[in-house]
Amino acid sequence: MKQALPFQLSKDRSFFESLGDWMGDVLYDELPEKGFECRDEQIFMAYQIEKTLKERNVLFAEAGVGTGKTIAYLLPAIAYARYSGKPALIACADETLIEQLVKEAGDIFKLQNYLDIKIDVRLAKSRDQYLCLKRLEEAQKDDDNEYFLEEIEDQVPDFVYAHSSMQKIYPYGERSQFAGVSDEDWQKVNYHPTQQCMVCDLRNRCGQTIHRQHYRESTDLIICSHEFLMEHIWTKESRIREGQMPLLPEVSMAVLDEGHLLEFAAQKALTYEIQSETLIRLLEKVMVDGVREKTLNLMEVLQELHDKIFGLLRIGSNMEETDRMKVDKSFELMELCKQAIRVTDSLLEEFVFESELYTIPEYELRMVEEFLEQYTFSLRLFTEKGDGIEWLEIIDGYETLIIMPRLVTDILNEKLFTSKIPIVFSSATLSIEKDFTYIADSLGIEKFQSFSVASPFDYDEVMKIYTEEMEQQEKPYHVEKLLNNPMQTLILFKSKAAMASFRATIGDRSDIVFEGDRELSTIVKEFQNGEYSTLCSYHLWEGLDLPLEALTRVIIYDLPFPPVDPLFDAKRSFSNNPFEEVELPFMLLRLQQGIGRLIRTSSDYGEIHLLLNEEEALQESRFTGVLPTPISK
């Protein structure tokens, strides 16, 4: 049901004129009366977005930390959603930042209270953020999993297994609901791409299905991650062809928060994965009594070939500082893959005959057929010569071959940026010295508007930045010395591997919490409430908003240069000067984001510590220009 506009329309003024008047009243008068600061930069941004809505363009809105970007885009987004009758979409950099937007005492919460309007905001999370009832059943059969299943089982609603038509059904089963479950254990029970939801007998009671129905009915805002938005875009046409609804409904506009990270999400959404254990496990499920001997033989041959392929992948891969391992596309490996494609094609033909015999349950057969079709498609991409990028990675505890296209600009331009809906990129860092052509070219955007406004904070008064030179192996011990001076501290690592190395050196401590121990938004809440004095993370370079005493020190453990891995190697190979065009811009962008975690309001204060090894210290002159205040001596 369409909601009323937060202001009155009149016959002599257009919607956009009335929107401008209302935003002026809110930003100049109503919010300052409630204790908000009146910020010229925020007001300027809000009116630039209003212009973009009117002209239906793409806008790069670069606004420094403390501008109040969220409120600047929420006001026009909510009004435009109600005017158009379609919700506005806000896409965050990743799943962890979604929770930050809707947390209690966040900007949406404040607007509801201070403006006395009910904002209908609903979350649309990626599919792996939901519990899969089928995988839960499998985990329950494994005695080793009992210790973490109790928390999940206790929170599965009664209606899931009850058969009464009078049961009240409500959304459940998202990752944040199971705060005490570690990331590793969650990956045993969450949605997995091999699951065949269309033929699942629990589909109508599935938390993911219920959530999807729930967020489709939003009248104001739908919030999702960049990755989920990209998955929606890539799968929209195929889902419609198959008689399914797209992952997201039609929207009036889109805000891409931390929009500088969209390219990586777009590439990831187009990836294809082949996991070492999945094919073996799925084929074993359909090796049941009554299956013809020819079909069984083909399955056994394919399992053997698959094992040999991953044996060669292991031999030809190498682990550096990253989770992504390069692969050696040897002649022997390519021949094995081509042989596996031929065997898989033959097996799919035999499954046509098996389906007529009804010896294999329909759900299992559909799951295996769908997987094998994707398997052969992925292997063909891997064996063909093109501009793809491949690597080996550990995902859900299993070795996984990843195949990713290098360029996504044409697809993005066709499917997103020519969609005729207004699109706003919002971030503190979108340009290189106020030049936006780099991000526009990398995303395939041909026509856009842009602006850049600085942060309103007096950083010289509230922030101290220290650079500290040492050997790399000394960094853990230096951190321990810093922590002897108790302050609420965020330690940012350039990768998961770097954080794991630090943890292995210092061991577990009661005052330190690490990303991955439990669900991340829960960890952030515990840290904000003072249950831990130190939070270690490799994800929270963007979006974390902890004001006042909740965060008074940020330690940058390493300069966040991109890792030596196949994805960035591809970027390096297509650049004339890899350091200047890939390495340095990425590091400077991420460094600014990390430093920006400290000062979020005019009352904040604190310290930044940059730990530099000998090689990193040589780059000091390259990053001092982007620091918000000079280095303290």
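Positions are given from 1, in the same order as the sequence printed here.
- Each salt bridge (charged side-chain N to carboxylate O under 4.0 Å, His left out) pair with one or both residues in residues 478-493, not counting sequence neighbours, appears once here: E480-R509.
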Sequence neighbours left out, cut at 3.5 Å: what donor-acceptor pairs do the side chains of residues 37-44 make with other protein atoms?
residue	atom	partner	partner atom	Å
E37	OE2	S602	OG	2.5
R39	NE	G66	O	3.3
R39	NH1	G66	O	2.5
Q42	NE2	G68	O	3.0

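- You'll find the side chain of Y532 stays beyond 4.5 Å of the side chain of I512, heavy atoms only.
- With sequence neighbours excluded, the residues that form a side chain to side chain contact (heavy atoms under 4.5 Å, CB included) with A46 are M23, L27, A72.
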Could you give me the CA-CA distance, side-chain angles and deciding distance for I445 and I439, then say whether side-chain contact (heavy atoms from CB on, under 4.5 Å) is met?
-> CA-CA 8 Å; I445 300 173; I439 186 172; over 6 Å; no
Given side-chain contact (heavy atoms from CB on, under 4.5 Å), test I556 with L591 step by step and report yes or no.
-> CA-CA 8 Å; I556 309 291; L591 180 63; 4.3 Å; yes
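- Across P422 and S252, no two heavy atoms sit closer than the pair CD-O, 3.4 Å.
- L544 CG to L535 CG: the interatomic distance, rounded to the nearest 0.5 Å, is 7.0 Å.
- Remark: the Y28 side chain and the E33 side chain contain no N/O donor-acceptor pair separated by less than 3.5 Å.
- A side-chain donor-acceptor contact under 3.5 Å links S537 to the backbone of H539.
- One finds a salt bridge joining R518 and E526 here, because a Lys/Arg side-chain nitrogen approaches an Asp/Glu carboxylate oxygen to under 4.0 Å.
- The distance from the CG atom of N57 to the CD atom of Q48 is 11.5 Å, given to the nearest 0.5 Å.
- For R622, the side chain to side chain contact (heavy atoms under 4.5 Å, CB included) partners are F579, E580, L584, Q619, not counting sequence neighbours.
- Between the side chains of E184 and W186, no donor-acceptor pair of N or O atoms lies under 3.5 Å.
- The shortest side-chain heavy-atom distance between I595 and P628 falls under the 4.5 Å cut-off.
- Using modelled atom types, no side-chain atom of E607 and backbone atom of R553 make a donor-acceptor pair closer than 3.5 Å.
- In plain terms, the two heavy atoms of I119 and I108 that are nearest each other are CD1-O, 4.0 Å.
- The stretch residues 450-472 participates, sequence neighbours left out, in no salt bridge (charged side-chain N to carboxylate O under 4.0 Å, His left out) pair at all.
- Salt bridge status for D517 with R503: present, with a side-chain N to carboxylate O gap under 4.0 Å.
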Please lay out, stage by stage, how T505 and K475 fare under the test side-chain contact (heavy atoms from CB on, under 4.5 Å).
-> CA-CA 10 Å; T505 302; K475 288 185 178 182; over 6 Å; no
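- Judged by distance alone, with hydrogens and angles left aside, the side-chain atoms of H226 form a donor-acceptor pair with the main-chain N or O of A91 at under 3.5 Å.
- Remark: the backbone N or O of G64 is paired with a side-chain donor or acceptor of T67 at under 3.5 angstrom.
- Between the W234 side chain and the A266 main chain, a donor and an acceptor come within less than 3.5 Å of each other.
- Ring planes of Y130 and H211: tilted class, angle from 30 to 60°.
- Residues E30 and D25 meet the side-chain proximity criterion, which asks for heavy atoms closer than 4.5 Å.
- When every heavy atom of G594 is checked against every heavy atom of L492, the shortest pair comes out as CA-CD1, 3.7 Å.
- Side-chain N or O atoms of S495 include one that pairs as donor or acceptor with a backbone N or O of A498 at under 3.5 Å.
- Among pairs with a residue in residues 452-479, those fulfilling ring-ring contact (aromatic ring centres under 6.0 Å, His included) read Y466-H609, at least two apart in sequence or across chains.
- Rounding to the nearest 0.5 angstrom, the gap separating the CG atom in L123 from the CD1 atom in I222 is 10.0 Å.
- Checking D558 against Q472 by side-chain atom types alone, a donor-acceptor pair falls below 3.5 Å.
- Taking 4.5 Å as the limit, every side-chain heavy atom of F60 sits out of range of all side-chain heavy atoms of S452.
- Here OG of S632 is found 11.0 Å from CD1 of I608. Values are rounded to the nearest 0.5 Å.
- For D128, the side chain to side chain contact (heavy atoms under 4.5 Å, CB included) criterion is met by S126, N190, not counting sequence neighbours.
- In this structure, CG in L559 is found 4.5 Å from CD in E616, a value given to the nearest 0.5 Å.
- Side-chain atoms of H260 and F425, non-hydrogen and from C-beta on, never get closer than 4.5 Å to each other.
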Go through the steps for V181 and R175 under the test side-chain contact (heavy atoms from CB on, under 4.5 Å), then give the verdict.
-> CA-CA 9 Å; V181 177; R175 173 69 178 99; 4.2 Å; yes
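- By the 4.5 Å heavy-atom criterion applied to side chains, V26 and W22 are counted as neighbours.
- With hydrogens and angles ignored, the 3.5 Å screen pairs a side-chain donor or acceptor of Y47 with a backbone N or O of G20.
- The existence of a salt bridge linking R127 and E231 is confirmed by a sub-4.0 Å separation between a basic side-chain nitrogen and an acidic carboxylate oxygen.
- Here ring-ring contact (aromatic ring centres under 6.0 Å, His included) pairs that include residues 502-528, with residues two or more places apart or in two chains, are F493-F502, F502-Y557.
- Residues forming a side chain to side chain contact (heavy atoms under 4.5 Å, CB included) with A77 (at least two apart in sequence, or on another chain): A88, L221, M253.
- For E227, the salt bridge (Lys or Arg N to Asp or Glu O under 4.0 Å) test picks out K268, with sequence neighbours left out.
- Counting heavy atoms from C-beta outward, E174 and Q129 have side chains that stay 4.5 Å or more apart.
- Between E55 and Q449, the side chains place a donor N or O and an acceptor N or O closer than 3.5 Å (distance only, hydrogens not considered).
- Looking only at distances, no side-chain donor or acceptor of N529 sits under 3.5 Å from a matching main-chain atom of E531.
- The closest donor-acceptor contact from the side chain of Q528 to the backbone of V524 lies at 3.5 Å or more, if one exists at all.
- Proximity of V479 to L611: side-chain heavy atoms (C-beta onward) are separated by under 4.5 Å at one or more points.
- For the residue pair L262 and L416, the shortest heavy atom distance occurs at CD2-CD2, 4.4 Å.
- Pairs of residues two or more places apart, or lying in two chains, that qualify as salt bridge (charged side-chain N to carboxylate O under 4.0 Å, His left out) and include a residue from residues 111-122 are D120-R122, R122-E217.
- Applying the ring-ring contact (aromatic ring centres under 6.0 Å, His included) definition to pairs two or more places apart or across chains, none involves residues 613-633.
- Listed for the R56 side chain is no donor-acceptor partner under 3.5 Å among the backbone atoms of T52.
- Once rounded to the nearest 0.5 Å, the distance linking CD1 of I394 with NZ of K496 reads 10.0 Å.
- A pairwise comparison of heavy atoms in I523 and G516 identifies CD1-N, 4.3 Å as the closest pair.
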